[in-house]
Structure formats: structure tokens, C-alpha cells
2 protein chains.
Amino acid sequence: MPETTRRADQHLTSRYGNRPTMKDVAARAGVGLKTVSRVVNGEAGVTPDTERRVQEAIEALGFRRNDSARVLRKGRTASIGLVLEDLADPFYGPLSRAVEEVARAHGALLINGSSAEDPDREQELALALCARRVDGLVVIPAGDDHRYLEPEIRAGVATVFVDRPAGRIDADVVLSDNFGGARDGVAHLIARGHRRIGFIGDMPRIHTAAERLRGYRTAMEDAGISVADRWMSLGATSPERVRRAAEDMLDGPDPVTAVFTGNNRVTVTVIRVLAERSRPVALVGFDDIELADLLQPGVTVVAQDAAALGRTAAERLFRQLDGSLLAPERIELPTRLITRGSGELPPAG
Amino acid sequence: MPETTRRADQHLTSRYGNRPTMKDVAARAGVGLKTVSRVVNGEAGVTPDTERRVQEAIEALGFRRNDSARVLRKGRTASIGLVLEDLADPFYGPLSRAVEEVARAHGALLINGSSAEDPDREQELALALCARRVDGLVVIPAGDDHRYLEPEIRAGVATVFVDRPAGRIDADVVLSDNFGGARDGVAHLIARGHRRIGFIGDMPRIHTAAERLRGYRTAMEDAGISVADRWMSLGATSPERVRRAAEDMLDGPDPVTAVFTGNNRVTVTVIRVLAERSRPVALVGFDDIELADLLQPGVTVVAQDAAALGRTAAERLFRQLDGSLLAPERIELPTRLITRGSGELPPAG
DNA sequence: CTCGCATCTGACAACGTTGTCCAGGCTCTA
DNA sequence: TAGAGCCTGGACAACGTTGTCAGATGCGAG
């Protein structure tokens with residue numbers, strides 16, 4: 001080996017700051033490039049003495065393998081992407097964490113991004129993740145057309161949709177039983193004697209909101225109750241609109257004696273509205289909320305298991321990656337009615 | 001150009017599934033490789049006609065640039081890493097989201113990982129992120145020795161610590177005023193006439209816990225109150241231990257008339273314990289919690305702004321990246337006392 | 001008509017790693 | 001002692017992109 005290469009570590013050509021490469025390590029240890037690679041990857045075929053020399057060089061130079069190059073060469077990035085609505089929402093934290101744990105168990109990192117419920121941003125994010133060549137993608141849809149992912153899926157990006165179904169493409173989906181949960185929650189109120197029951201939910205273009213509304217309607221229909229239009233508020237996204245909607249159905253003609261709320265944010269606002277009033281109004285909310293048991297009365301909810309959604313989706317994703325081609329499947333997880341008092345109040349007024 | 005190359009797209013050599021490369025696009029469009037690169041990156045110097053042909057080829061093949069290769073070549077990944085404790089904790093969701101937003105504004109993606117409060121896992125994660133060559137790292141420390149990051153920082157990885165200071169290295173830190181917040185919270189109780197005040201917090205090896213404890217001690221000392229050992233519980237991590245600690249100081253000799261809780265999880269458990277009792281006990285908690293205003297009484301808290309912590313840290317990080325070398329700085333954000341009732345109860349018992 | 005200049009294009013190397021393959025040295029046996 | 005076989009180590013190409021640089025093309029002016 002010529003003297004010039006042996007001293008390569010003394011004039012590292014910089015890019016990432018001044019990071020040593022395997023070549024630098026090899027030069028310093030006086031071995032070949034591939035030998036360093038073998039040591040770093042724990043491959044067989046290196047004598048203990050050589051290995052020690054290489055390890056020392058790695059230590060001395062502070063070498064750390066450049067995974068970008070590795071990825072380029074190997075074709076797998078050992079990372080998956082998660083596109084969700086808003087990480088600050090307490091529903092998505094546990095979901096994301098669950099996905100992360102499964103990824104970790106498979107040696108993968110998680111890149112996540114928030115779509116802020118904006119279809120364009122969802123697409124931008126998902127495609128950016130694909131450009132990074134994530135091995136797989138877990139998507140909580142904001143939009144309702146995911147054909148833009150077709151080339152990616154064909155190219156081998158494992159993809160699973162969670163919480164809401166994919167739009168206009170055939171893919172794996174993991175959902176909560178939104179319809180059944182809402183129906184049971186409303187039926188619970190009906191069983192307590194309520195007939196005038198309000199529903200406040202998100203825009204029906206969001207699948208979960210539509211399904212929960214359908215559950216509400218079905219429960220009412222099954223009980224032979226006809227629903228007045230003013231009992232239903234759809235698209236109540238901001239706290240102000242939720243508040244107005246609640247007040248309308250509580251104070252209008254034929255006032256409701258119970259309210260079913262379509263998601264955790266709506267529930268919280270409605271709790272506030274009800275707390276200001278003397279007439280007791282029953283409440284069942286979709287999604288569990290922290291401290292719900294400590295309020296007076298405790299808040300009865302239809303709980304879904306966010307962590308289980310994430311875990312199931314991630315496991316499905318790695319099953320796609322590990323092996324064979326699976327036919328797209330729709331997995332539905334059950335919800336659980338948790339009675340704490342607010343849903344058991346009898347009709348009043 | 002020979003006919004054979006023009007048809008290169010018909011025999012793509014696979015790796016990432018079957019992804020077309022720039023070479024494939026070039027062959028199909030009948031142009032050179034570099035021209036495709038120029039079009040993809042919106043560089044000047046391509047005639048409209050050529051550009052159109054390239055765009056068509058990109059469209060037809062479903063080409064998407066491989067950012068791994070790009071990263072390898074350019075040396076910047078346009079991604080930053082966030083190591084936090086647990087994404088499922090409602091404190092970290094908004095923090096992570098805030099970091100993400102700043103990253104997005106700088107065109108970067110966010111990779112995050114949960115350390116689960118385990119120093120080894122923190123290190124493993126941080127180094128894995130460095131191997132991915134993230135441009136920067138936001139770390140919420142679990143351990144108290146971060147010398148392992150020294151080579152990385154020297155190599156140019158921008159690094160900011162949040163919520164807790166870095167251990168044994170000199171680096172940027174963004175903190176809440178844990179000491180001042182706790183001191184003020186406890187002083188608030190003292191001002192209401194309390195003398196026997198309990199403190200329940202996390203292990204003092206965690207910086208925030210230690211600082212809050214110090215705030216408690218200082219407030220008591222400033223008021224000339226000597227603290228009994230049994231009024232303090234440190235290292236109460238599980239709900240069970242918090243419960244036991246609370247019961248001990250409530251039922252033992254010299255029972256406390258007020259409790260200061262050191263973080264949101266402790267606060268929630270103590271609320272549960274207090275709700276079971278008839279004797280009113282005052283409570284001030286560190287960290288705000290959702291629905292705190294709806295409980296009876298409302299929960300008085302020392303609130304810190306998780307989103308502001310994240311935002312400030314991320315902005316600092318990109319300032320490091322954008323430009324010059326900055327001397328490490330310690331930024332402290334104020335806390336805010338929010339009175340809601342529980343902290344204003346007079347001493348009883 | 002030719003020269004010079006500006007504009008557009010493409011060949012080539014490089015980024016840092018891993019897979020392939022072969023060379024050289026060793027041990028063991030005949 | 002020679003030959004076979006094994007083990008270790010290294011040279012080289014490839015992954016897909018971008019930066020450099022030089023060549024080609026077209027246009028206007030002399």
C-alpha cells in the first residue's frame with residue numbers, strides 16, 4: 001500500500017462537516033475498505049486481530065456509518081412514514097407511539113408528519129416520504145382520493161390506511177367500528193328513556209363522522225324515533241360553532257334531553273356548555289377523554305383504542321414488507337362503551 | 001442515439017420494487033441524464049420543448065426522485081430528529097407538533113423517537129438519527145451524560161436540548177422556569193394561609209423534578225416554614241406510588257392541608273385521591289391538564305407552554321444550521337400560574 | 001460566409017456504502 | 001514436499017443523484 005493512501009485520514013475531504021468515512025478508517029487501520037465494512041456490520045471473516053485494529057481506528061476517528069449511502073446501496077431504508085392529522089391531538093399521540101414501537105421492534109425508524117386535515121398537505125407529505133424511500137407508509141387520510149399513491153404502491157411501498165378508509169384505491173385499512181359504536185352509544189341513551197337526542201359531529205365528508213352519524217340515525221330509526229333536523233349538527237369544527245349548535249338544540253323548540261357527541265373535541269366543548277346549565281342533560285361522547293371519570297357527573301363515552309389502531313396497522317404493514325403479497329384487507333376494531341354517569345341521566349325538562 | 005437505449009424503460013433493473021430512475025426518464029425522453037436532473041430541480045437552461053418532453057416521460061413512468069441518492073450527493077438531508085420521552089404523553093404531542101411546523105417552514109421533515117425515559121435508548125436513538133445524517137437534533141434528555149454526542153456536534157450536527165439541560169457538554173438549551181414556577185405555585189398556597197404543604201414529584205435525577213423541588217423548598221424557606229421529610233415524596237413515578245405517597249402525607253401525623261404536585265401525571269393521580277375524601281385539601285400542580293377548569297374545584301396549575309418550548313428550540317436549531325457558529329445559550333421560558341379554585345382553598349383540618 | 005458569443009446539452013466523476021469475486025497465504029493430507 | 005481446500009482480505013463495480021466542464025447548436029455581426 002502506498003504511503004499516500006495510508007495517511008488519508010489526515011486530509012479528509014469534508015462534506016458532512018468533517019466526517020471520516022470507511023475509507024479513512026481503512027487507511028488508518030491499514031486494511032482494505034471492505035474489511036472495515038465487514039467489521040462494522042459484524043460479518044464473519046475477519047481475524048480478531050484485524051477486527052481490533054479496525055475498532056480502534058473507528059474509535060479514534062469517531063466514525064459513524066453513513067446510512068444514506070447504505071440505503072442507496074441496499075434499497076431498504078428501515079424507516080416508515082406516518083401521515084396523521086395533528087400530533088398535538090391527544091388521540092394521535094398514543095397512535096403514533098404504538099406505530100413507533102412496532103417499527104422499533106422491526107428495527108425501523110418512524111418519520112411522521114401532520115396533514116392538518118388538509119388533503120393537499122397530506123399528499124405533499126406522503127409523496128415527500130416516498131421520495132425518501134420509506135419502506136412503508138401509514139396514512140390517516142385527510143383527503144378522499146389516494147390514487148396519487150398508486151405508482152408508489154406498485155413500486156413496492158407498503159401502505160396501510162388507518163382510522164379512515166382509503167379513497168378510490170384498494171388498500172389495507174384499519175378502522176374502529178364507528179358505526180356500531182355510535183349506534184350502541186345512542187341506543188344506550190334511548191334505553192334510559194331518552195327520545196329527543198341531539199347529535200353534534202364533524203363534517204360528513206370525513207368518513208368517521210359520516211359513520212357515526214349513520215350509527216346515530218340507525219339507533220334512532222331502530223327505536224322508531226323520527227329525528228328532527230335541528231337535533232343534528234354536522235360540520236361543527238370550531239368550539240364556537242359547537243357551542244352554538246349545542247345551545248340551539250338545548251334551547252329551541254322540542255329541546256333535546258340528551259346529546260351524542262361525535263368526537264373528543266366536540267365532547268369537551270359540550271361538557272362546558274352543559275356545565276353552565278341547571279337542567280341535567282345526558283351526554284355520551286365518542287372517544288375517551290382524560291379525567292372523564294372525575295367530572296360531575298362522569299362522562300360516559302364510546303372509547304376507541306388509538307394505540308391498538310396504530311399497532312394493528314403497523315403490524316399489518318410489516319407483514320406486507322416481510323413477505324408475500326397480501327390481498328388488501330379491511331380490519332375493524334371494536335369500540336367499548338364506558339358508563340360513568342352522564343349517559344345514565346334520565347330525561348329531564 | 002441508438003435505439004437500444006431509447007427503450008431502456010422497458011427493462012428497468014429493479015431494486016426499490018421497479019422504480020424508474022433519471023436514467024430511465026432520460027432514455028424515454030431522448031435526452032441526457034443531467035437534463036432530467038435540471039428539469040426535476042427546476043434549474044434554468046432547458047428549452048420549453050425539452051422540458052415538456054422530460055415532464056411527459058416523468059409522468060408516464062411515474063418517476064419520483066430518490067432522495068437517498070440526492071442526500072448522499074448533497075450532504076444535507078433536510079430532516080431533523082427529535083428524541084423525546086413519550087409521544088403518548090399529552091405534554092409532548094404539542095411540543096413535537098411545534099417542532100414539526102418550524103421544520104416544515106424550513107423545508108425539513110421530522111423524524112422522532114421515544115426514549116421511554118431510558119438513557120441507553122436515548123443514546124441509541126440519537127446516534128441512529130445521526131447515522132441517518134439528520135441535519136440537526138432536538139433532544140429531550142433522558143440521561144445526564146451527553147458526551148456521546150460530542151463527535152456528532154463537532155461533525156456539524158446542530159443540536160438543541162429542550163426541557164432539561166444537556167449533561168456534561170456545552171450546548172444550546174431551552175427550558176421552562178421550573179424553579180420559579182414551582183416557587184411561585186407554592187408561595188401561592190402559603191399566601192392562602194397554608195403551612196403544612198406536601199410535595200410529590202419525580203426522581204430528582206431528572207432535572208425538572210429537581211428544580212421544582214428546589215422551588216418548593218425555597219418558597220417554604222422564604223416563608224420561614226420548616227419542612228417535614230414526610231411531606232416530600234420524590235421518585236413517585238407509578239400511580240400506585242403517588243397514591244400511597246399522597247395518602248401518607250394526608251393521613252399521617254401533622255397532615256398537610258395542601259399539596260404541590262410536580263408534573264401532570266402526578267397531578268391527575270392526586271386529584272383522584274383528593275376526590276375520594278371529604279376534607280378539602282388545596283392543590284396546585286405543575287403542567288396544565290385538559291379539563292382542569294371543569295373539575296370541582298377547578299385545578300390551579302403552573303402551566304408551561306410546551307409548544308413554545310418546541311418552537312423556540314427548533315428555531316434555535318435552524319439558526320445554527322442557517323449560519324454562523326453561535327455560542328451555546330440557555331433560554332428560559334416563563335411559566336404561568338392559572339388559578340381555578342383548588343389552589344385557593346383555605347387550610348382545613 | 002465565417003467567426004464569436006451565448007445558450008443549451010450531455011459525458012463523466014464523485015458522494016459512501018455493500019456485493020461480487022478473485023488472490024494470496026495458510027493448513028492438512030498424501 | 002506438493003497439491004487441495006479453506007480462510008482472510010482487498011480491488012472493483014454499482015446504487016441514483018448532482019456538480020463540473022466541455023461540446024454542440026444557433027444566432028447575429030463583421
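Below, chains carry the letters A, B, ... as their sequence lines are ordered, and counting in each starts from 1. FYI, side chains are in, hydrogens and waters are out, and symmetry mates aren't considered; it's all heavy atoms of this structure.
DNA chain D is contacted by A/Gly45, A/Val46, A/Thr47 of residues 39-49 of chain A, taking any non-hydrogen atom closer than 4.0 Å.
For D/dT8, neither phosphate oxygen OP1 nor OP2 lies less than 4.0 angstrom from any side-chain nitrogen or oxygen of A/Lys34. Between A/Thr35 and D/dG10 there is a side-chain polar atom (N or O) within less than 4.0 angstrom of OP1 or OP2. For D/dT8, the OP1/OP2 oxygens have no side-chain nitrogen or oxygen of A/Thr50 closer than 4.0 Å.
The distance from atom CG of B/Leu33 to atom C1' of D/dG16 is 8 Å, rounded to the nearest whole Å. We find that CE of B/Met22 is positioned 14 Å from P of C/dG10, with the value rounded to whole Å. For the pair A/Arg53 CZ and D/dG10 P, the computed distance is 8 Å after rounding to whole Å. Across the protein-nucleic acid pair, B/Asp67 atom CG and D/dT18 atom C1' stand 13 Å apart, rounded to whole Å. Rounded to whole angstrom, the span from the NZ atom of B/Lys74 across to the C1' atom of C/dA13 amounts to 17 Å. Rounded to whole Å, atom P of C/dT17 lies 21 Å from atom CZ of A/Arg133. The nearest whole Å value for the distance from the CZ atom in B/Arg64 to the P atom in D/dG16 is 16 Å. Between the P atom of C/dC15 and the CZ atom of B/Arg76 lies a distance of 18 Å, rounded to the nearest Å.
With C/dT9, C/dT17, D/dG16 as the candidates, the nucleotide lying closest to the side chain of B/Thr21 is D/dG16. In this structure, of C/dG10, D/dT17, C/dT17, it is D/dT17 that holds the atom nearest to the side chain of B/Phe63. Minimum atom distance to the side chain of B/Arg73 is reached by C/dA14, of the listed D/dC15, C/dA14, C/dT9. Picking from D/dT17, C/dG19, C/dT17 the nucleotide with the shortest atom distance to the side chain of B/Arg70 gives D/dT17. The nucleotide whose nearest atom lies closest to any side-chain atom of B/Arg65 is, among D/dT17, C/dT17, D/dG9, D/dT17. Between C/dT17, D/dT18, C/dT9, one nucleotide has an atom nearer to the side chain of A/Ala69 than all others, and that is C/dT17.
Salt-bridge check for B/Arg311 with B/Glu101: failed, with every basic side-chain N at 4.0 Å or more from each acidic carboxylate O. Between B/Asp322 and B/Arg319 there is no salt bridge, since no side-chain nitrogen of the basic residue lies less than 4.0 Å from a carboxylate oxygen of the acidic one. Using a 4.0 Å cut-off between a side-chain N of Lys or Arg and a carboxylate O of Asp or Glu, A/Arg53 and A/Asp49 qualify as a salt bridge. Using a 4.0 Å cut-off between charged nitrogen and carboxylate oxygen, B/Arg19 and A/Glu152 count as a salt-bridge pair.
Side chains of B/Asp86 and B/Ser114: a donor-acceptor N/O pair is absent below 3.5 angstrom, by distance only.
Side-chain atoms of A/Arg38 stay outside donor-acceptor range of the base of C/dG19, with no qualifying N/O pair under 3.5 Å.
Scanning for salt bridge (charged side-chain N to carboxylate O under 4.0 Å, His left out) contacts around B/Glu124 gives A/Arg104, with sequence neighbours left out.
Residue B/Tyr148 is tested with B/Gln123, B/Arg168, B/Glu122 for a side-chain hydrogen bond (donor to acceptor under 3.5 Å, both in side chains); the sole match is B/Glu122.
Sorted by first then second residue, the ring-ring contact (aromatic ring centres under 6.0 Å, His included) pairs that include residues 101-130 of chain A, not counting sequence neighbours, are A/His106-A/Phe318.
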